[in-house]
Amino acid sequence: MTPEQLSTAIVDVLTTLSDEGALALPDGVPTNVTVERPRQKGHGDYATNVAMQLAKKAHTNPRALAELIATGLKGVDGVADVEIAGPGFLNITVEAGAQGVLAAEIVAAGAGYGHTNTLKGQRINVEFISANPTGPLHLGHTRWAVLGDAIGRVLSAAGAEVTREFYINDRGVQMNHFADSLIASATGQPKPEDGYAGAYIDELAAAVAAAAPGIFDLPEDERRTAVRAKGYELQLKEQQDQLAFFNTHFDVWFSELSLHDSGDGSGGVPDTLKRLKDLGHVYEEGGALWMRTTDFGDDKDRVLIKSDGELTYFASDTAYYLNKRARGFDRCLYLLGADHHGYVGRLKAMASCVGDDPAQTLDVLIGQLVKILRDGAELKLSKRAGTIVTLHELAEEIGVDALRYSLARYPADSPLTLDVAEITKASNDNPVYYVQYAHARTCRMLANAADLGMVLPTGDDFDPSQLSHQRDGELLRALAEFPRVVASSAELREPHRIARYLEDTASTFNKWYDTKECRMLPQGDDAVTSANLARMVLVVATQTVIRNGLGMLGVTAPERM
RNA sequence: GCGGCUGUAGCUCAGCUGGAUAGAGCAUCUGACUACGGAUCAGAAGGUCUGGGGUUCGAAUCCCUACAGCCGCGCCA
């Protein structure tokens with residue numbers, strides 16, 4: 001009996017009471033009732049506060065209503081006992097057998113356990129990182145790499161059709177500054193103003209020279225174009241390789257420049273500008289072209305074409321949004337750093353200008369910035385000054401799994417401070433190892449079981465009522481939570497809930513493991529009992545949940561450590 | 001000045017679409033190694049949930065306010 005089934009059973013009881021006239025609910029019977037694991041032992045296996053929530057509407061008092069529900073619920077198959085406590089809580093105890101069958105269900109579902117259809121039918125575009133291709137990815141991108149990737153995985157698990165997208169800012173003056181910096185490095189000139197510095201520029205300049213011999217000897221006008229193209233190509237490739245190493249994958253690498261190439265009626269910036277004009281949301285002033293975003297709540301209007309004729313980033317952003325919508329996405333997720341939160345207002349206003357309801361089509365997640373301390377002092381990151389802690393360095397120093405996990409276990413809106421010394425030194429204390437260890441432990445136990453000739457029972461060979469110890473029940477109820485955790489994680493776009501859940505579940509498993517009465521393997525020459533076999537199913541179920549959960553965070557589930 | 005985020009144990013942080021005695025890890029202290037992998041488990045100690053008001057059966061959670069920290073308010077990218 002899962003919490004979902006219990007919730008349904010309570011709704012059925014309420015419906016019956018309502019039909020019989022024992023209960024009058026003006027707004028009808030709720031379709032969903034909250035069932036949760038109580039924090040306190042002694043409050044049953046599950047608890048619900050439904051009586052307190054409905055009492056006022058039904059013009060009765062909570063305890064009287066609780067009595068009615070309890071009586072009905074006691075007749076439900078699988079429910080062992082119902083108690084009324086405090087102001088009107090219903091504390092429910094479930095029969096061991098009814099609870100134990102879940103273990104076999106999880107094993108049968110395998111890699112699909114935890115997946116739901118709560119977001120079925122939604123086509124979601126998740127855009128994240130979207131860095132300039134003018135340098136390596138750094139600490140500032142690392143959090144988004146982890147969260148964006150995990151959100152993509154979690155949304156998929158909730159049934160959505162997800163496309164993960166990286167928007168390449170390959171257009172704009174920064175690309176010329178990039179080229180000029182490479183040229184300056186190769187020719188021994190001082191770094192240009194507004195240029196990029198750092199060892200990576202020198203290395204990249206050498207790589208450009210190696211890949212295209214003679215490129216720096218071209219005439220000046222050709223040279224810049226050629227170096228820009230080659231440097232871009234190599235730098236983008238490096239970003240892609242490093243993200244692949246970091247286990248972060250994209251479905252689409254979208255070039256900003258491609259939005260400007262078109263102009264043939266297939267979308268892109270020219271068509272976007274025309275459409276905005278037709279909709280009457282643009283005007284000229286001071287030689288510039290503006291979008292009237294203040295009509296939709298923005299603080300000020302925004303420039304699309306500057307008075308010098310150059311297009312702004314915002315013009316590209318608008319065309320890009322329309323491009324996504326034209327590709328059929330119902331929702332566009334943007335993951336932005338806190339330093340871009342001023343963008344939210346104009347993005348939403350822009351969506352309104354083109355006739356969308358941003359509450360339906362746009363989701364902007366603002367994440368707070370990660371600070372990094374070394375020797376107690378904050379490292380200021382600046383690509384142009386060349387002081388960079390790169391994603392790749394971090395990943396190699398701490399390990400991909402540990403770095404991903406330690407970023408994934410915090411919500412995006414909590415500011416994070418990482419101390420370099422601490423995360424490297426304390427890596428053995430990282431909760432990721434605790435969770436991975438629990439998984440490795442299940443693997444060793446099952447290998448031992450195989451050595452003893454134990455075979456995972458199926459059908460009638462599996463006796464769920466053997467899982468009757470208090471610890472069995474605690475573990476089963478923890479495993480039963482997984483689909484709900486995934487669903488809420490997807491709905492709220494908060495993958496850290498999965499990490500916290502896994503830590504809790506791993507802890508429950510370890511406690512179970514240390515309980516003498518719950519041994520899976522027979523001791524000494526003892527024969528294999530049906531209880532041993534039933535617990536074997538429970539171990540496989542636990543392993544399945546941990547593996548699936550870690551997978552949603554892009555973290556591996558090792559068999560040995 | 002306006003706006004966003006944050007303020008919970010010594011430290012790092014969960015919990016925030018209102019529920020029962022506010023949780024975890026680390027650090028500290030005490031136990032369990034004739035072990036299904038001890039990277040574990042059992043226990044102790046540790047709190048005016050930043051301050052002040054309000055809403056109600058009930059507030060860390062919602063509203064108002066004050067204070068503190070980080071970030072943002074370009075015809076930059």
Side-chain angles (χ1 to χ4, degrees), chain A residues 34 36 38-40 42-43 47-49 52-53 55-56 61-62 85-89 91 132 134 169 171-175 177 194 256 285-290 299-314 316 337-345 366-369 371 384 406 409-419 422-423 426 428-438 440-449 452 488 491-492 496-497 499-501 503-504 506-507 509-516 518-523 532 535-536 539 560-561:
Chain A
T34 305
E36 55 187 14
R39 190 169 290 150
Q40 302 292 325
H43 287 168
T48 178
N49 60 359
M52 288 180 287
Q53 299 203 320
K56 194 175 282 183
N61 73 70
F89 288 100
N91 295 333
N132 290 339
T134 57
N169 292 133
R171 181 187 173 279
V173 297
Q174 86 277 3
M175 293 306 294
H177 293 150
D194 294 327
E256 179 190 0
E285 188 177 299
L289 189 72
W290 299 71
D299 318 340
K300 51 190 296 188
D301 290 338
R302 305 293 172 178
V303 172
L304 292 165
I305 305 179
K306 297 187 271 181
S307 53
D308 65 2
E310 280 294 316
L311 289 156
T312 62
Y313 252 52
F314 188 54
S316 295
D339 52 342
H340 285 89
H341 90 260
Y343 249 62
V344 179
I366 296 299
Q368 297 300 308
L369 304 178
K371 270 196 252 178
R384 296 201 173 171
S406 48
R409 70 190 291 271
Y410 299 105
D413 54 11
S414 85
L416 210 52
T417 304
L418 296 180
D419 189 306
E422 198 149 312
I423 50 182
N428 238 18
D429 298 325
N430 193 309
V432 70
Y433 296 114
Y434 184 81
V435 175
Q436 287 184 323
Y437 178 78
R441 181 175 251 178
T442 63
C443 293
R444 300 326 307 158
M445 291 170 75
L446 293 169
N448 292 342
L452 289 176
S488 71
E491 185 192 336
L492 300 169
H496 76 277
R497 289 167 183 273
R500 302 292 172 155
Y501 164 78
E503 290 164 28
D504 182 54
S507 168
F509 171 71
N510 282 331
K511 289 182 197 345
W512 175 84
Y513 172 89
D514 272 345
T515 304
K516 286 187 173 57
C518 295
R519 283 185 59 98
M520 182 193 83
L521 295 179
Q523 269 180 307
N532 293 139
R535 292 191 190 113
M536 195 174 170
V539 169
R560 295 169 181 275
M561 297 180 68

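Within every chain, numbering begins at 1; the chains are lettered A, B, ... in the order of the sequence lines, protein sequences first and strands thereafter.
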Write out a two-atom table: protein N or O, nucleotide N or O from nucleotides 20-29 of chain B, distance below 3.5 Å.
from   : atom 1 : to    : atom 2 : distance (Å)
B/rA20 : N6     : A/N91 : OD1    : 2.8
B/rA20 : N1     : A/N91 : OD1    : 3.0
B/rA20 : N1     : A/N91 : ND2    : 3.2
B/rU21 : O2'    : A/Q40 : NE2    : 3.4

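Shown here are the ring pair (Phe, Tyr, Trp, His ring centres under 6.0 Å) partners of A/F509, two or more places apart in sequence or in another chain: A/W512. A search for side-chain contact (heavy atoms from CB on, under 4.5 Å) contacts involving A/P415 returns A/Q368, not counting sequence neighbours. Judged as a side chain to side chain donor-acceptor pair (under 3.5 Å), and not counting sequence neighbours, A/S414 has no contacts. Checked against side-chain contact (heavy atoms from CB on, under 4.5 Å), A/H496 has the following partners two or more places apart in sequence or in another chain: A/P411, A/E494, A/R500. By the ring pair (Phe, Tyr, Trp, His ring centres under 6.0 Å) test, A/Y410 is found to be paired with no residue, residues two or more places apart in sequence or in another chain being considered. In this structure A/T48 satisfies the side chain to side chain donor-acceptor pair (under 3.5 Å) test with no other residue, sequence neighbours excluded. Looking at residues two or more places apart in sequence or on another chain, you find a side-chain contact (heavy atoms from CB on, under 4.5 Å) between A/T312 and A/V303, A/K306, A/F314, A/A315.
Comparing B/rU17, B/rC75, B/rC13 by their nearest atom to the side chain of A/A288 picks out B/rC75. Closest approach to the A/Y513 side chain among B/rC36, B/rU40, B/rA14 is made by B/rC36 (side chain taken as heavy atoms from C-beta onward).
Taking 3.5 Å as the limit, the base of B/rG72 and the side chain of A/D339 contain no donor-acceptor pair of atoms between them. One can find a donor-acceptor pair under 3.5 Å joining the base of B/rC75 and the side-chain atoms of A/S307.
When atom types are taken as modelled, the side chain of A/D413 and the backbone of A/G367 share no donor-acceptor pair closer than 3.5 angstrom.
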Reading RNA chain B 5' to 3', how would its secondary structure be written in dot-bracket notation, given Watson-Crick and G-U pairs with both distances under 3.5 Å, brackets [ ] for crossing pairs and | for partners on other strands? (((((((..((((.....[...)))).(((((.......))))).....(((((..]....))))))))))))....
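Between the CG atom of A/L311 and the P atom of B/rC76 there is a distance of 13 Å, rounded to whole Å.
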